[in-house]
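Here is the structure we will look at, set down as structure tokens.
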2 protein chains.
Amino acid sequence: MATTRRQLPPRPETAARRREILAAALETFGAKGYNNGPLAEIAEQVGMTHAGILHHFGSKDRLLVEVLRYRDESDVEGIEGQHIPDGIELFRHLIRTAFANEQRPGIVQAYAVLSAESVTDANPGREYFEDRYRVLRGEVAEAFRVMCAERGLDEPARVDRAAASVLAVMDGLQVQWLLDPTQVELAQTSAFAIEAIALQALDPRPSPFDGGA
Amino acid sequence: MATTRRQLPPRPETAARRREILAAALETFGAKGYNNGPLAEIAEQVGMTHAGILHHFGSKDRLLVEVLRYRDESDVEGIEGQHIPDGIELFRHLIRTAFANEQRPGIVQAYAVLSAESVTDANPGREYFEDRYRVLRGEVAEAFRVMCAERGLDEPARVDRAAASVLAVMDGLQVQWLLDPTQVELAQTSAFAIEAIALQALDPRPSPFDGGA
DNA sequence: TGCTACTTACTGACAGCATTGTAAGTTACT
DNA sequence: AGTAACTTACAATGCTGTCAGTAAGTAGCA
């Protein structure tokens, strides 16, 4: 049967074109949400029709998944080469990220909108965000474990709670900041809260809510 | 000129019918988001057509605004009669709310989804959430101020940051909990984080991130 | 080098569906 | 008699995805 040359490799410029599309999609999905962000608008940004985008990604669902992965990769590249900081360095890194985020509201908004939208019925981004939070909580918890060990402590439940809390404040502050940047200082407040949580995780003090009443 | 009986008062059952619609809308918007939640689905839940809903609320935009207000009111009624707790009682109240929320994922999801969606372009819920966060931050900050005063402290910047942080962790934890309730304990973790933030606001300790590096 | 066969990267047109909003009519309350 | 509370029908739009076609590239081969 025929000389099966089944599949050609993509042309050299194609990877760049795809990245253009992913960047445009991140912008549109960030500004309007996934459900409300039409392919046609993404297409227009890169000088194509929406059919062209479907040619590259097959469906809008798959486009979202790739957009989320793309955002991760470009983030990791941007900050530093793969290496995950551990112990106290991770927290310094998170705080630096909060400061960097103040300069890129578009990215912050995309992340905030898409993560919340991911909990809705049949959202194609859900698995990504489940995984992402699991991984991030693991990394933060590990950093806490390292710092606990340095101090001769070992309180796993407290460490897990602190890890989830650190990510939660950062996310929650982003929403408030997006709604009204004049009322919330994203970075300074993130730093304050991360510090508070870290201190309580590493050197707990008695609850002020138990006494008196 | 004609005996102008321009407008009749709504029939007695109408108020109840409207509340039914609002509850159904909260469910649908919570499950699917505002943009992705069709009027027809809301209508079906209350045994009507979508045109009937538009008869009551005029447009989908106005329905959302009323849904958000409705959610507020039923919350306030549910917990206790209007009175805003102050000082330490507010924090006890917030923690109780977190425990209550573990029993009503639907409400939590509606809130998480709609607040994030509100930052997108031309979303009719935006003003509501801006106001809501401003008011809530004000109430929490006031509670901190009371507690600071009891301790002879006065640090306005710290108080404002703590207030935003408290609301932020609660919201952020909700998203993580919705994504995977087996990995995040909503209430216990909220309590831990609120405590940590309150302690740092009321009796700051030096940053662990300043030393050593 | 040039020809042939095949593939990628699109476009334009359109099918098909979902959705919001409107208009006109019906029933039943007041 | 008039209006509230609907329904049915429909207009108008917007969206995703498919299909057929075209231009341009690439591989194999004489």
Side-chain angles (χ1 to χ4, degrees), chain A residues 1-22 24-25 28-29 31-67 117 120-125, chain B residues 1-22 24-25 28-29 31-67 117 120-125:
Chain A
M1 299 309 195
T3 52
T4 48
R5 188 174 45 174
R6 284 250 162 274
Q7 203 164 325
L8 280 190
R11 297 181 196 162
E13 319 138 11
T14 301
R17 207 92 178 81
R18 281 175 60 99
R19 256 178 277 122
E20 273 184 77
I21 297 170
L22 291 169
T28 289
F29 291 158
K32 305 197 168 180
Y34 171 70
N35 285 307
N36 206 29
L39 291 177
E41 184 182 304
I42 297 165
E44 199 190 16
Q45 286 180 76
V46 297
M48 252 189 215
T49 64
H50 83 275
I53 290 183
L54 289 170
H55 166 72
H56 281 291
F57 295 96
S59 74
K60 197 186 178 189
D61 279 21
R62 264 181 274 167
L63 174 61
L64 176 62
V65 174
E66 294 224 38
V67 163
E117 218 172 347
T120 60
D121 290 359
N123 185 287
Chain B
M1 301 300 207
T3 52
T4 49
R5 187 171 46 165
R6 282 256 162 268
Q7 202 163 326
L8 281 189
R11 297 180 195 162
E13 318 138 12
T14 300
R17 207 90 180 85
R18 280 175 61 99
R19 256 177 278 121
E20 273 185 76
I21 296 171
L22 291 170
T28 289
F29 291 159
K32 305 198 169 182
Y34 171 71
N35 286 306
N36 205 29
L39 292 177
E41 184 181 304
I42 298 165
E44 198 190 16
Q45 287 180 75
V46 297
M48 252 188 214
T49 63
H50 84 275
I53 290 185
L54 289 170
H55 166 71
H56 282 290
F57 296 95
S59 75
K60 197 186 177 187
D61 279 21
R62 261 182 276 168
L63 174 60
L64 176 62
V65 175
E66 294 224 38
V67 163
E117 219 172 347
T120 59
D121 291 358
N123 185 288

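Throughout, a chain's letter reflects where its sequence line sits, starting with A, and its residues are numbered from 1. The figures that follow rest on heavy atoms only: side chains count, while hydrogens, waters and symmetry mates do not.
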Nucleotides 12-19 of chain D: which of its N/O atoms have a protein N/O under 3.5 Å away?
residue, atom, partner, partner atom, Å
D:dT16, OP1, A:Lys60, NZ, 2.7
D:dT16, OP2, A:Leu39, N, 3.0
D:dG17, OP2, A:Lys60, N, 2.9
D:dG17, N7, A:His50, NE2, 2.8
D:dG17, O6, A:His50, NE2, 3.0

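- Between the A:Glu117 side chain and the A:Asn35 main chain, a donor and an acceptor come within less than 3.5 Å of each other.
- Remark: C1' of C:dA9 and NE2 of A:His55 are 4 Å apart, rounded to the nearest angstrom.
- B:Glu44 has its CD atom 15 Å from the C1' atom of C:dT19, to the nearest Å.
- One can place CD of B:Glu41 at 13 Å from C1' of C:dA18, the figure rounded to the nearest angstrom.
- Contact annotation: B:Arg17 does not reach the phosphate of D:dA4 (side-chain N/O to OP1 or OP2, under 4.0 Å).
- Annotation: the span from A:Thr49 atom OG1 to A:Leu54 atom CG amounts to 8.5 Å, rounded to 0.5 Å.
- One atom, CZ of B:Phe57, and another, P of D:dA5, lie 11 Å apart when rounded to the nearest Å.
- Atoms OG and CG, on A:Ser59 and A:Leu39 in that order, are 9.0 Å from each other to the nearest 0.5 Å.
- In terms of heavy-atom proximity, A:Arg18 sits nearest to A:Phe57 at NH2-CE2, 3.6 Å.
- To the nearest 0.5 Å, atoms OG1 (A:Thr28) and CD (A:Gln45) are separated by 4.0 Å.
- Atom pair B:Leu64:CG and C:dT20:P shows a separation of 12 Å (rounding to whole Å applied).
- Here D:dA5 presents its P atom at 14 Å from CD of B:Glu20, a figure rounded to the nearest Å.
- Partners of B:Thr120 according to the side-chain hydrogen bond (donor to acceptor under 3.5 Å, both in side chains) rule, which considers only residues two or more places apart in sequence or in another chain, do not exist here.
- Considering NZ of B:Lys60 and OH of B:Tyr34, their distance stands at 5.0 Å, rounded to 0.5 Å.
- Considering only residues two or more places apart in sequence or on other chains, B:Arg17 meets the salt bridge (charged side-chain N to carboxylate O under 4.0 Å, His left out) condition with B:Glu20.
- Every stem involving DNA chain C, taken as at least 3 paired positions in a row under the Watson-Crick or G-U wobble test at 3.5 Å, is listed here: C:1-30 with D:1-30.
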Collect all protein-nucleotide pairs involving nucleotides 21-25 of chain D in which both atoms are nitrogen or oxygen and the distance is under 3.5 Å.
residue, atom, partner, partner atom, Å
D:dA24, N3, A:Arg11, NH2, 3.4

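- The CZ atom of B:Arg19 lies 11.0 Å from the OG1 atom of B:Thr14; values are rounded to the nearest 0.5 Å.
- Following rounding to the nearest Å, A:Met48 (CE) and C:dC10 (P) show an atom-to-atom distance of 4 Å.
- C:dT11 atom C1' lies 12 Å from atom NE2 of A:His56, rounded to whole Å.
- Dashed line: the shortest gap from a side-chain N or O of A:Thr49 to OP1 or OP2 of C:dT11 is under 4.0 Å.
- A:Asn123 CG to B:Asn36 CG: the interatomic distance, rounded to the nearest 0.5 Å, is 8.5 Å.
- Under the salt bridge (Lys or Arg N to Asp or Glu O under 4.0 Å) criterion, the residue pairs touching residues 32-55 of chain A are A:Lys32-A:Glu41, with sequence neighbours excluded.
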